[in-house]
Amino acid sequence: MNLLETPYRPLFVSVSDQQLIEAIRKGDKQSFEIVFKQYYRTLCEYAFTIVKDTDEARDIVQSMFLKIWERREDLIITLTLKAYLYRAVHNTCLNRIKHESIKTKYIRQSIGDGRQEVKQPEAFANETEKKVMKAIDDLPEQCRIIFKLSRFEEMSYADIAQKLNISVQTVANQVSKALKVLRTQLTDTD
């Protein structure tokens, strides 16, 4: 039986989409990289239109791709692959915005109730910067190098991959790993 004769297969998923999805479900890194390269930039641009922050948009898209890879065995897509990816990014953006508004509301309430000490902006910025730099320095070497090239030197993933002779997917994974570690370390210390 070929893919076109598969029963219960939605008519609006293309054969090539279905083949890529199946290959990804089976752990084919090359197929995953094809999807990543094909959609990464446009998904970042789309995320930016919602969150209005380039780094946040990149982080959202990278996290979404990382979740897809980590949960690939359970991947079920009934729409086109493109529609699925855009919907996933859209939902993640909205969740981040909602989370930030809840966090902001909580901070305002805490300050209003007098439960939280308000620091001077410069002191807070210096303290935060020190924490961030320490957390970055504590990253594994390759992860730290890739993260610094991406965030501080603003190199594209493709440029980093070429410079370090690694795949674009490895760069994306390392940046995502760094962001996850930084988030964990910086929220644990507060």
Side-chain angles (χ1 to χ4, degrees), residues 12-14 16-21 23-25 27-72 74-104 132 135-136 139-140 142-187:
F12 40 88
V13 176
S14 73
S16 60
D17 277 359
Q18 192 63 34
Q19 289 170 334
L20 280 172
I21 294 164
I24 291 169
R25 286 184 75 198
D28 182 2
K29 291 180 181 179
Q30 188 175 14
S31 295
F32 184 75
E33 195 165 329
I34 288 169
V35 173
F36 182 87
K37 286 179 180 177
Q38 182 176 354
Y39 291 104
Y40 177 76
R41 183 177 177 165
T42 56
L43 289 171
C44 286
E45 291 168 356
Y46 177 64
F48 177 79
T49 65
I50 299 170
V51 297
K52 307 295 187 223
D53 181 280
T54 304
D55 290 335
E56 184 75 9
R58 287 180 188 159
D59 183 35
I60 286 168
V61 174
Q62 291 163 14
S63 296
M64 184 268 310
F65 273 112
L66 184 61
K67 282 181 189 174
I68 287 173
W69 182 252
E70 288 172 345
R71 300 176 184 165
R72 64 189 173 274
D74 302 323
L75 187 63
I76 298 172
I77 299 177
T78 56
L79 301 171
T80 64
L81 180 59
K82 181 178 180 179
Y84 176 85
L85 295 172
Y86 273 84
R87 176 56 56 195
V89 168
H90 180 81
N91 290 339
T92 305
C93 287
L94 294 182
N95 287 339
R96 292 267 176 110
I97 290 169
K98 182 178 178 183
H99 176 74
E100 285 302 314
S101 70
I102 291 169
K103 194 164 82 174
T104 302
V132 169
I136 291 170
L139 291 170
Q142 183 183 26
C143 189
R144 181 179 62 248
I145 291 168
I146 291 171
F147 183 78
K148 284 183 174 182
L149 290 173
S150 171
R151 295 303 196 247
F152 299 143
E153 296 185 28
E154 298 182 3
M155 291 177 68
S156 71
Y157 286 9
D159 290 342
I160 296 170
Q162 185 177 10
K163 179 176 182 168
L164 300 178
N165 197 25
I166 56 177
S167 73
V168 174
Q169 186 60 46
T170 299
V171 173
N173 290 343
Q174 291 296 314
V175 170
S176 182
K177 176 183 174 181
L179 291 170
K180 187 175 183 180
V181 168
L182 292 175
R183 262 190 238 108
T184 302
Q185 285 186 356
L186 296 174
T187 42

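Computed from heavy atoms alone, side chains included, the values below leave out hydrogens, waters and symmetry copies.
At least one side-chain heavy atom of R96 sits under 4.5 Å from a side-chain heavy atom of S63. You'll find the side chain of V89 stays beyond 4.5 Å of the side chain of Y84, heavy atoms only. Here the side chains of I160 and L164 are in contact, with some heavy-atom distance below 4.5 Å. Put simply, the side chain of M155 reaches to within 4.5 Å of the side chain of K163, judged on heavy atoms.
The pair K37-E33 meets the salt-bridge criterion, with a side-chain N (NZ, NE, NH1 or NH2) lying under 4.0 Å from an Asp/Glu carboxylate O. Look at D59 and R183 and you find a salt bridge, because one of the NZ, NE, NH1 or NH2 atoms lies within 4.0 Å of a carboxylate O, short of that distance.
One distance of note links OG of S167 with CD of Q30; it measures 11.0 Å at 0.5 Å rounding. Atom CZ of residue R87 and atom NZ of residue K82 lie 14.0 Å apart, to the nearest 0.5 angstrom. Distance check, rounded to the nearest 0.5 Å: CG of L43 to CD of Q38 gives 10.0 Å. C44 contributes atom SG, which lies 9.5 Å from atom CD1 of I60 (distance to the nearest 0.5 angstrom). Between the CZ atom in R71 and the CD1 atom in I76 there is a gap of 13.0 Å [rounded to 0.5 Å]. Note that the CZ atom of R58 and the CG atom of D53 stand 9.5 Å from one another [nearest 0.5 Å].
No side-chain donor-acceptor contact under 3.5 Å links R144 to the backbone of I136. Panel note: side chain T92, backbone A88; a donor-acceptor pair is recorded below 3.5 Å. In this structure, the side chain of S150 does not engage the main chain of I146 through any donor-acceptor pair within 3.5 Å. One N or O on the side chain of D17 and one on the backbone of L81 form a donor-acceptor pair closer than 3.5 Å.
Few gaps surround NZ on K148; more than 12 heavy atoms of other groups in view lie less than 6.0 Å from it. The 12-atom threshold is not exceeded at CD of Q162, counting heavy atoms of other residues, nucleotides or ligands nearer than 6.0 Å.
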Query - side chain to side chain contact (heavy atoms under 4.5 Å, CB included) between Y39 and V61, intermediate numbers included - result: CA-CA 10 Å; Y39 291 104; V61 174; over 6 Å; no
Requested in this report: Take V181 and L179 through the side chain to side chain contact (heavy atoms under 4.5 Å, CB included) test and state the conclusion after the steps.
Outcome: CA-CA 5 Å; V181 168; L179 291 170; over 6 Å; no
Query - Residue pair V35, L85: steps toward the side chain to side chain contact (heavy atoms under 4.5 Å, CB included) verdict - result: CA-CA 10 Å; V35 173; L85 295 172; 3.9 Å; yes
Query raised in the report: Does the pair K177 and F147 meet the rule for a side chain to side chain contact (heavy atoms under 4.5 Å, CB included), with working shown?
Result: CA-CA 9 Å; K177 176 183 174 181; F147 183 78; over 6 Å; no
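Summarising the geometry of Q142 relative to Q174, their closest heavy-atom pair is C-OE1, 4.3 Å, with the distance given to 0.1 Å. Nearest heavy-atom pair, A57 versus V51, reported as atom, atom and distance to 0.1 Å: N-CG2, 3.9 Å. In terms of heavy-atom proximity, A158 sits nearest to V168 at CA-CG2, 4.0 Å. The two residues Y40 and F65 come nearest to each other via the heavy atoms CA-CE1, 4.3 Å.
The aromatic rings of F32 and W69 are tilted relative to each other, their planes meeting at an angle between 30° and 60°.
Residues S156 and D159 have side chains that bring a donor and an acceptor to within less than 3.5 angstrom of each other.
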